[in-house]
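What you see is a predicted model; the values in this text were computed from it and never measured.
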Amino acid sequence: MAAATAYALRFDSGRLCLDLVATVDGRRGEEPVDRLDTPERLRAWLLGAGIVPPGTPLDAVDTAWLGRFRAARDLLHRVVHAEVDGRAADPDLERVNALAATAPPAPQAGRGTDGMLVRSLAGTPDCGALLGQVARDAVDLLTDAVARGRLRRCAGEHCSMVYLDTSRGRRRRWCSSEVCGNRERVARHRRRAGAAAE
């Protein structure tokens, strides 16, 4: 993965719900970076996260959808970070459960123009149904003890991303070796070079 710009959408957390949470970033005391700031960015996130198949009409995505997705993201951010910190977020869990109760959109298989099977949605995407899909992923993650035990917060100085650590020794420190890991290596090199120059 190429180094991410400050506003690049991230799809490397390991879970759909964590990819939504990753659309806002910033350590405590810093101004958060909001990567989900326009309906166009929400459309890009929906496609990039795979919540809708390529070619799905997303003309209905507007500022109302954006507001609902940002509210769900903030809710999931609180719940996931509380879980990583070992705190209870029971009132927020009730709201996640309410979102998850909405049926996700039904996928269907059909023939593309080249004759190959392609995935599409059975109907027009509905904001509540797509939010329900993200919330169900969060419920699955938080109720799976093994997956929940693999939740990690990035050790990067300016990153608060939570990701699923599926590495072999469960010792992964950064959300991405290419993004925060590379930043840390560059910073370490500069500190050493500066100390050697003194």
Q: Spell out, as yes or no, whether a donor-acceptor pair under 3.5 Å connects the side chain of Asp25 to the backbone of Pro32.
A: no

Q: Say whether, by atom type as modelled, one donor and one acceptor occur between the side chain of Arg119 and the main chain of Gln108 under 3.5 angstrom.
A: no

Q: Mind listing the closest non-hydrogen atom pair of Leu121 and Pro105 along with its distance?
A: CD2-CB, 4.0 Å

Q: Mark yes or no for whether Thr143, through its side chain, and Val139, through its backbone, hold a donor-acceptor pair below 3.5 Å.
A: yes

Q: Would you call Val79 and Leu93 a side-chain contact if the rule is heavy atoms closer than 4.5 Å?
A: yes

Q: Step by step, work out the side chain to side chain contact (heavy atoms under 4.5 Å, CB included) result for Leu18 and Leu141.
A: CA-CA 10 Å; Leu18 297 179; Leu141 171 64; 4.1 Å; yes

Q: Apply side chain to side chain contact (heavy atoms under 4.5 Å, CB included) to the pair Leu36 and Leu20, showing each step before the final yes or no.
A: CA-CA 9 Å; Leu36 206 58; Leu20 180 59; 3.9 Å; yes

Q: Should Leu164 and Arg152 count as side-chain neighbours, where that means a heavy-atom distance under 4.5 Å?
A: no

Q: Starting from the C-alpha separation in whole Å, work towards a yes-or-no answer on side chain to side chain donor-acceptor pair (under 3.5 Å) for Arg87 and His81.
A: CA-CA 8 Å; Arg87 295 180 285 116; His81 282 263; over 6 Å; no

Q: Just wondering, do His77 and Val24 contact through their side chains at under 4.5 Å, heavy atoms?
A: yes

Q: Measuring from Leu76:CG to Cys17:SG, what's the distance to the nearest 0.5 Å?
A: 6.0 Å

Q: Working note: Leu131 + Thr102, criterion side chain to side chain contact (heavy atoms under 4.5 Å, CB included); need CA distance, chi angles, decisive distance, verdict.
A: CA-CA 8 Å; Leu131 284 170; Thr102 304; over 6 Å; no

Q: Give the minimum heavy-atom separation between Ser120 and Pro53, together with the two atoms involved.
A: CA-CG, 3.6 Å

Q: How close do Arg43 and Val61 get, counting heavy atoms only, and between which atoms?
A: NH2-O, 2.7 Å

Q: Is any side-chain N of the basic residue among Asp165 and Arg150 closer than 4.0 Å to the acidic one's carboxylate O?
A: no

Q: Any heavy-atom pair between the side chains of Leu58 and Pro125 that's under 4.5 Å?
A: yes

Q: Taking C-beta and beyond as the side chain, do Tyr163 and Arg172 meet within less than 4.5 Å on heavy atoms?
A: yes

Q: Side chains of Arg111 and Met116, heavy atoms from C-beta outward: is any pair under 4.5 Å?
A: no

Q: What's the spacing between Leu46 CG and Ile51 CD1 if we round to 0.5 Å?
A: 6.0 Å

Q: Can you name the closest pair of heavy atoms from Ala103 and Arg136 and give their distance?
A: CA-NH2, 3.9 Å

Q: Which atom pair, heavy atoms only, marks the closest approach of Ala138 to Val96?
A: CB-CG1, 4.4 Å

Q: Would you check if Asp140 and Arg15 make a side-chain contact, meaning some heavy-atom pair closer than 4.5 Å?
A: yes

Q: For a quick test of reading the model, state the closest non-hydrogen atom pair linking Ala135 to Leu99 and the distance between them.
A: CB-CB, 3.6 Å

Q: Report the C-alpha distance between Arg153 and Met161 in whole Å, list the side-chain angles of each, state the deciding distance to 0.1 Å, and finish with yes or no for side chain to side chain contact (heavy atoms under 4.5 Å, CB included).
A: CA-CA 6 Å; Arg153 183 176 290 119; Met161 185 170 168; over 6 Å; no

Q: Is there a side-chain contact between Arg41 and Leu9 in this structure, where contact means two heavy atoms from C-beta onward sitting under 4.5 Å apart?
A: yes

Q: Between Arg35 (side chain) and Ala22 (backbone), is there a donor-acceptor pair under 3.5 Å?
A: yes

Q: Less than 3.5 Å apart, which donor and acceptor atoms pair up between the side chains of residues 63-73 and the rest of the protein, not counting sequence neighbours?
A:
unit_1 : atom_1 : unit_2 : atom_2 : d
Trp65  : NE1    : Ala60  : O      : 3.4
Arg70  : NE     : Asp34  : OD2    : 3.2
Arg70  : NH2    : Asp34  : OD2    : 2.6
Arg73  : NH1    : Thr23  : OG1    : 3.2
Arg73  : NH1    : Asp34  : OD1    : 2.8
Arg73  : NH2    : Asp34  : OD2    : 3.4

